[in-house]
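We name chains A, B, ... by the order of the sequence lines, and we start the count at 1 in each one. Just so it is clear, the values below take in all heavy atoms, side chains as well, and ignore hydrogens, waters and symmetry mates.
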Amino acid sequence: MKNLFRIARWEFITRFRSRSFLFNTFVSPLLFTAVITLPIFFFNYTPEVSTKLVGVIDLSGKNLAKDLQKQLNRYYRLDNQSREYVVLKVSVDNSMPYNEALSEYKEAVAYKDSVTAVFNQIKRQRSEYYKNTKIPNRDYFLKTSYEKLQTSREEKELAEIELSHYKASLDSLYKREAQKMADSLLISDVLNAYLLFPDDFTRRGHLEYHSKNPGDLRETERFEKILQTIIIEKRMLEDRVARPKIKRWLSSISIQKYQLMPQGQTEWNFYAQFYGPLIGVFLLFMAIFTSGGYLFSSVLLEKSNRVIEILLSYASSRQLMGGKILGLGFLGLVQVLTWIFITALFAASDIIPVDKINYLSLANAFYFLLYFSLGFLFYGAIFITVGSISSNEYDAQQINQLLRTVAIFPVLLSLVVLAEPNAPFIQALSYIPFLTPSFMIMRIPLSSVPLTMDIYITVGIMIISIIAVILLAGRTFRVATLMQGKRASFSEVLQWIRVK
Amino acid sequence: MSLLLQVNQIYKEFLGVTAVNNLTFSVHGGETFGLLGPNGAGKTTAMRMIMNIIAPDQGTVLLNDEARAKIPNHRFGYLPEERGLYPGANVLEMLTYFGTLNNLSKRKAEVEAIRFLDRLGMVDFTDRKINQLSKGMQQKIQFVAAFLHDPDVLILDEPFSGLDPINQIVLREILEEYKKKNKILIISTHQMEQAEKLCDHICLINQGKVILEGNLNTLKRKNRENAYLLSSDEDLSFLKDFSELTILEEGNNTYKFALNDSKLSVSGILKKVEAQANIRKFEMMEPSLHDIFIQKVQEENGGQA
């Protein structure tokens, strides 16, 4: 029994002093936290640092730019309260083709106006003739003016058709030229994006969003929301709804999120809620695989350099294995406690707002320790088995890699766990011993109902699995560590397990 | 009380292959026991069973009539053939660790480790890391690990391989000293000259079985070929005419011969030779362990070595 503690002490001390332990305890978690929190940081803050210029090409003639600006001002403000978006009507004043077309159009308008004026004059004259029966030659005048009226009407109609042609080509030219302008502004980063409203926008509600990065969901979502309100307002106006009514009907809503927890309601913060458990899983994984990895390399090293034979001549294989598990398990606990301590230190010095992140509780620290211990014992025993069977480091590392992949797998499902921590398939997956610690460490802080039953069940499953793998490890360790050189076949491994 | 290690009918097989087949021998305290045999004879397996690293399928290992499994490991010391140490460990710390695993106090283990390191001329290396040492030095560290805790039974597998002659002498001195304490020393080796110099008692095994066992001198006497060597400065060719002997080898006035009848006394022949020539050297040819080893193993393997 004494030897077990001596071995444990040796394993603990030699690893505790190693650089890799320091790295895994302090540097890796820091790096990981930085890697996953930096994008959040950028996502949240960088785009809002400066005001964004949004171009508008409005073919609808409803002066949408003004409404858009008003609504954007209402919802989105920078930290210094200045507006986040500035709406800019894309100007085509400097476009030669447009100006030419415009002057042609104006000429056409002038012509149409003059023709219309002539037509109106004739019309007016004729009504005079009708009313005044005393005019000499009235019948003659009525007859000739009727002919004039006919001709001028024809001219007027032709001018109108011509004008509509000019108008259409001007509009399409405007659209083309404005878009050309807006594109160049987009390329030169003057504009962040521009919106193109077709002439039938209010009717069909269709518009174009042009940007270097149309995948920016946040921006498009904002515009969608605001334009929806604007278009509804326009349609209501068309239907002659009174303005005060419209204002009342369209008054905006705002949502504040709360999560229901057993201890009461708390404000819900996506990032803290999501990334917290993710960091938790990562730390758990780190802890299990740091100390488990040491266990593995310890067995592998002693087997490959034959120290195992000396050690087995001093102590029984059971003491040796037990000592390793104890010493390195304690090492893992030291690592976990260091992290808990650091977290507590941060919390105490207000670097982490504990009152806002409700899962930073003593109970969850306990669960972390619990699932670490179970995970370590489970994976540790598997590592011992693999380490003692493997004939060379290369093979062993491959299996090690496989185990790591399996253990980190729950992280891939983290979004699903976040959405529904108690979904039946998540629950089922957390009953698989390989996945239990990772899943449970995510589910416990995310679940809105206490998982007491699941905790009992998983702890039970883990304990049974641990007993099974430790028995297996004990048998293979005793026999297989003395074997050397050739790779063990599966049937040989089975025989080792049966050896008394 | 003198020590007695008894190995009774131990049998072990691995995956259907018999490694040790009913091996029996006993070793007394104060005696150096040589466990000899070709590669794959089962020596290492036998030693591992004595060390209780593996359990025999059948048979018992007893130390003073007490079952091996019940005896604490620290009464045994072992130097395995395949040497290995923790590459990154500090020399003194590692030896102290090994010492404490063998029931020494930390202080005592340190003192003993330094004492042995000093003796092997390595006291300046106590704070070095193992992988900074030469191979020979690592070997010496391993010796220290094997007998640091002053075991009652010391088992050394190929102790001399890889050691330079000076360190071989130092090691032999340490082993002599150990023997004087009436403790049990078991050495396994291929180097027959070393075994011949060190061992009092040998056990030759092949294919898991004992093929020759006993006191080294007795064995030699038993395996004597009844041969003699005679040399002179003068011509000895007249020996060929002697009917009572057969010439085995000749050359440069030196003859190796055997008596045709073992009952004959060699002194009669010597007298006859002295009458004709001056005898410079006369000796009775003792078979070397090397010869016995090869002869026996060849016999056992049916003439193929």
Relative to chain A, which segment of [X] carries a heavy atom at a distance below 4.5 Å: side chain, backbone, both, or neither?
| X | answer |
| --- | --- |
| Asn90(B) | neither |
| Ala89(B) | side chain |
| Ile54(B) | side chain |
| Thr44(B) | side chain |

**Request:** Specify which of Arg17(A), Arg9(A), Gln319(A) makes the most heavy-atom pairs with chain B at under 4.5 Å.
**Result:**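 Ranked by heavy-atom pairs under 4.5 Å with chain B, first place is Arg17(A).
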**Message:** Report, in residue-number order, which members of residues 307-315 of chain A are under 4.5 Å from chain B by heavy-atom distance.
**Reply:**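 Answer by number: Val307(A), Glu309(A), Ile310(A), Leu311(A), Leu312(A), Ser313(A), Tyr314(A), Ala315(A).
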Could you check whether atom [atom1] of [X] has more than 12 heavy atoms from other residues, nucleotides or ligands sitting under 6.0 Å from it?
| X | atom1 | value |
| --- | --- | --- |
| Phe16(A) | CZ | no |
| Arg119(B) | CZ | yes |
| Lys181(B) | NZ | yes |
| Lys179(B) | NZ | yes |
| Phe330(A) | CZ | no |

**Item:** Residues in residues 91-101 of chain B near chain A [non-hydrogen atoms, under 4.5 Å]
**Value:**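 If one takes a 4.5 Å heavy-atom cut-off, the residues of residues 91-101 of chain B near chain A are Glu93(B), Met94(B), Tyr97(B), Phe98(B), Thr100(B), Leu101(B).
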**Request:** Side chain from CB out, backbone as N, CA, C, O: work out which of these in Ser316(A) comes under 4.5 Å of a heavy atom of chain B, or both, or neither.
**Result:**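 Only the backbone of Ser316(A) comes within 4.5 Å of chain B.
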**Under 4.5 Å from any heavy atom of chain B - which part of Glu302(A)** =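 For Glu302(A), the contact with chain B is made by the side chain alone.
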**Prompt:** Got Pro87(B) and Leu301(A) here, is their nearest side-chain heavy-atom distance under 4.5 Å?
**Reply:**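 They are in contact (side-chain heavy atoms under 4.5 Å apart), so the answer is yes.
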